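Just so it is clear, the structure is predicted and the values come from calculations on it, not from any experiment. Letters go in sequence order (proteins before strands), and every chain restarts at 1.
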There are 2 protein chains.
Amino acid sequence: MDTHISMISDVSPFRQLVAKLRRLAPIDEADEAAVLALPHRVGRARARDYLIREGSKPHECCALIDGYAARSKLGVNGGRQIVSFHIPGDILDIQHLFLERADHNVQVISDATLVWVPMAAMRALATQRPTIGTAFWRDALIDASIFREWVLNVGRRDAKTRIAHMLCEFIVRRAAAGLGTAEQTQLPFSQEEIGDATGLTSVHVNRMLRELAEAGLIVRKGRSLEIVDWDGFRRAAGFDAAYLHLAA
Amino acid sequence: MDTHISMISDVSPFRQLVAKLRRLAPIDEADEAAVLALPHRVGRARARDYLIREGSKPHECCALIDGYAARSKLGVNGGRQIVSFHIPGDILDIQHLFLERADHNVQVISDATLVWVPMAAMRALATQRPTIGTAFWRDALIDASIFREWVLNVGRRDAKTRIAHMLCEFIVRRAAAGLGTAEQTQLPFSQEEIGDATGLTSVHVNRMLRELAEAGLIVRKGRSLEIVDWDGFRRAAGFDAAYLHLAA
DNA sequence: CGAGTTGTTGACTCAGGTCAAACAAGGTGG
DNA sequence: CCACCTTGTTTGACCTGAGTCAACAACTCG
């Protein structure tokens with residue numbers, strides 16, 4: 001993983017993060033200035049690189065600028081369970097502001113760009129700028145809500161619905177971050193990753209995706225996926241976005 | 001659900017809560033005094049009563065004094081998925097300090113006693129007493145860690161391991177709260193509830209419990225369960241408590 | 001006592017896992 | 001430019017863990 005000190009540029013590495021915080025709480029210009037003034041470095045990672053490993057003690061906090069990431073845990077038999085996906089603007093380890101040791105892995109699932117900020121600076125920001133503290137709180141609580149929905153997804157829905165639900169969530173979150181509508185979005189997941197996120201095997205994921213394609217809901221183009229019938233897809237998933245708490 | 005204003009008594013309704021906060025952060029006497037001074041009412045609930053309903057907008061925050069509670073969500077087919085269990089001292093809806101609308105239900109699973117505190121007072125406590133704020137943060141983040149573990153549990157472990165893991169977690173959390181060791185603990189779950197928490201049917205839970213009993217790990221006495229071989233049980237569950245972040 | 005819960009067991013079914021083999025598409029180094 | 005490797009997709013045949021259905025037993029409490 002290549003890392004270098006960021007140069008002065010016309011686009012701040014905190015642009016996506018500020019946009020996200022603004023969606024979570026009414027941050028003002030002083031808040032924004034405080035974020036932009038954070039000490040930091042910009043790093044790059046290649047698909048499959050680990051950003052945080054279970055059991056380590058992170059002393060920097062990272063946020064995604066570009067690309068996608070996933071949190072995962074390993075089962076006894078070596079099976080990986082992905083517990084969430086992340087998009088640009090997401091803070092990937094807000095939990096280490098208050099917990100010492102990582103209880104799961106964070107990996108990028110595509111080539112990605114990240115900002116790293118010393119944990120202490122991030123913690124100071126949260127306390128000295130109460131509105132930012134509130135945004136952090138809301139972010140962490142929404143993450144928890146998403147985990148709860150995943151327990152339901154994996155525990156109670158059948159394979160096809162489960163896959164569709166997970167994809168719906170990803171698309172809606174991307175759209176809420178202004179990163180493209182359902183029909184425009186190319187989903188960046190391998191079938192293996194979809195399986196690891198839904199508790200299914202990649203073989204079965206493949207079969208279910210074929211059925212979804214045969215039903216005219218999605219189109220598979222080589223390695224990537226597109227939704228062609230968003231309403232139908234959403235209905236097939238039984239998706240209700242309330243748990244994402246998008247309205248502030 | 002019967003509710004009344006608490007009388008002056010020798011035991012504060014906040015005793016368990018203060019003990020829990022103390023395990024999460026180094027709260028001092030002024031912090032404790034601030035908790036004890038919170039406006040509140042004490043309420044009672046009977047097994048299966050709802051404390052919070054999905055979609056509602058709670059304006060009071062509640063903590064368990066005595067008894068057990070569970071968070072749950074409903075699937076399309078009417079199936080219930082329990083996403084966590086709670087023990088005395090737990091705050092049941094810290095998320096509504098910062099999120100308006102409930103995204104899941106909270107139910108007691110036994111007769112229980114609770115303290116209700118106005119949300120605004122709780123929020124003020126978190127900001128005016130930074131150490132308590134930190135305790136709240138750690139509590140919320142540990143909850144999230146538990147949800148992640150549950151995604152793994154439901155997604156990747158087989159039925160017997162899954163049940164054992166869920167029970168291990170409950171026992172370890174109880175023990176950490178000083179509520180009894182593994183061998184002393186009578187587990188308060190119906191097989192239906194164990195099934196709802198693990199994504200299994202109560203019929204299959206019954207079969208797995210029989211196997212665990214035949215293996216000499218547990219004993220079933222009428223409707224309740226006891227662990228007789230904690231080490232063996234823990235091994236059968238592949239349980240590692242790291243994700244509970246018990247060491248402060 | 002009677003009614004609603006829970007627990008127990010057996011017979012049968014099926015969604016999803018397992019195993020195995022081909023195939024496709026980049027990427028890389030000679 | 002080709003040979004080769006890696007990573008991902010696809011399909012088929014077969015198997016099994018967990019669900020479903022149904023009946024009954026045991027317990028609790030109003």
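Summarising the geometry, the separation between CG on B:Leu187 and C1' on C:dT6 is reported as 16 Å, rounded to the nearest angstrom. As a whole-Å value, the separation of A:Ile163 CD1 from C:dG16 C1' is 11 Å. Counting to the nearest Å, the P atom of D:dT9 and the CD1 atom of A:Ile218 are 12 Å from each other. At whole-Å resolution of the value, CZ in A:Arg162 and C1' in C:dG16 are 9 Å apart. The distance between atom NZ of B:Lys221 and atom P of D:dC27, rounded to the nearest whole Å, is 15 Å. If you take CG of B:Asp196 and C1' of C:dT6, they are 13 Å apart, rounded to a whole angstrom. Between B:Ile194 atom CD1 and C:dT6 atom C1' there is a gap of 12 Å when expressed in whole angstrom units. Summarising the geometry, the separation between CD on A:Glu193 and P on D:dG8 is reported as 7 Å, rounded to the nearest angstrom.
Looking at B:Arg207, its side chain comes within 3.5 Å of the base of D:dT20 through a donor and an acceptor atom. Counting distance only, with no hydrogens placed and no angle test, the side-chain atoms of B:Arg210 and the base atoms of C:dG7 include no donor-acceptor pair under 3.5 Å.
Note: B:Phe170 and B:Phe189 have perpendicular aromatic rings, judged against thresholds of 30 and 60 degrees for the angle between ring planes.
Across all strands, A:Gly195 comes closer than 4.0 Å to no nucleic acid atom at all (heavy-atom distances). B:Arg48 comes within 4.0 angstrom of the backbone, heavy atoms only, and of no base. B:Gly199 comes within contact range of the sugar-phosphate backbone alone, with a heavy-atom separation under 4.0 Å but no base atom that close.
Between B:Glu149 and B:Arg157, at least one side-chain nitrogen of the basic residue sits less than 4.0 Å from a carboxylate oxygen of the acidic one, meeting the salt-bridge criterion. The existence of a salt bridge linking B:Arg207 and B:Glu211 is excluded, since no basic side-chain nitrogen approaches an acidic carboxylate oxygen closer than 4.0 Å. A salt bridge links A:Arg156 and B:Asp196; the closest N-O separation between the charged side-chain nitrogens and carboxylate oxygens is under 4.0 Å.
Between B:Gln191 and C:dT5 there is no side-chain polar atom (N or O) within less than 4.0 angstrom of OP1 or OP2. Remark: B:Ser190 is not in phosphate contact with C:dT6, judged by side-chain N or O atoms under 4.0 Å from OP1 or OP2. At D:dT10, one or more side-chain N or O atoms of A:Asn206 fall inside 4.0 Å of OP1 or OP2 (strictly under the cut-off). Between B:Thr201 and D:dG19, a side-chain N or O to OP1/OP2 separation shorter than 4.0 Å is present.
Checking D:dG30, C:dG17, D:dA18 against the side-chain heavy atoms of B:Ala159 singles out D:dA18 as nearest. Proximity note for B:Val203 (side chain, C-beta onward) versus D:dT20, C:dG16, D:dT11: the nearest is D:dT20.
If you check the side chains of B:Gln95 and A:Arg148, you find no donor sitting under 3.5 Å from an acceptor.
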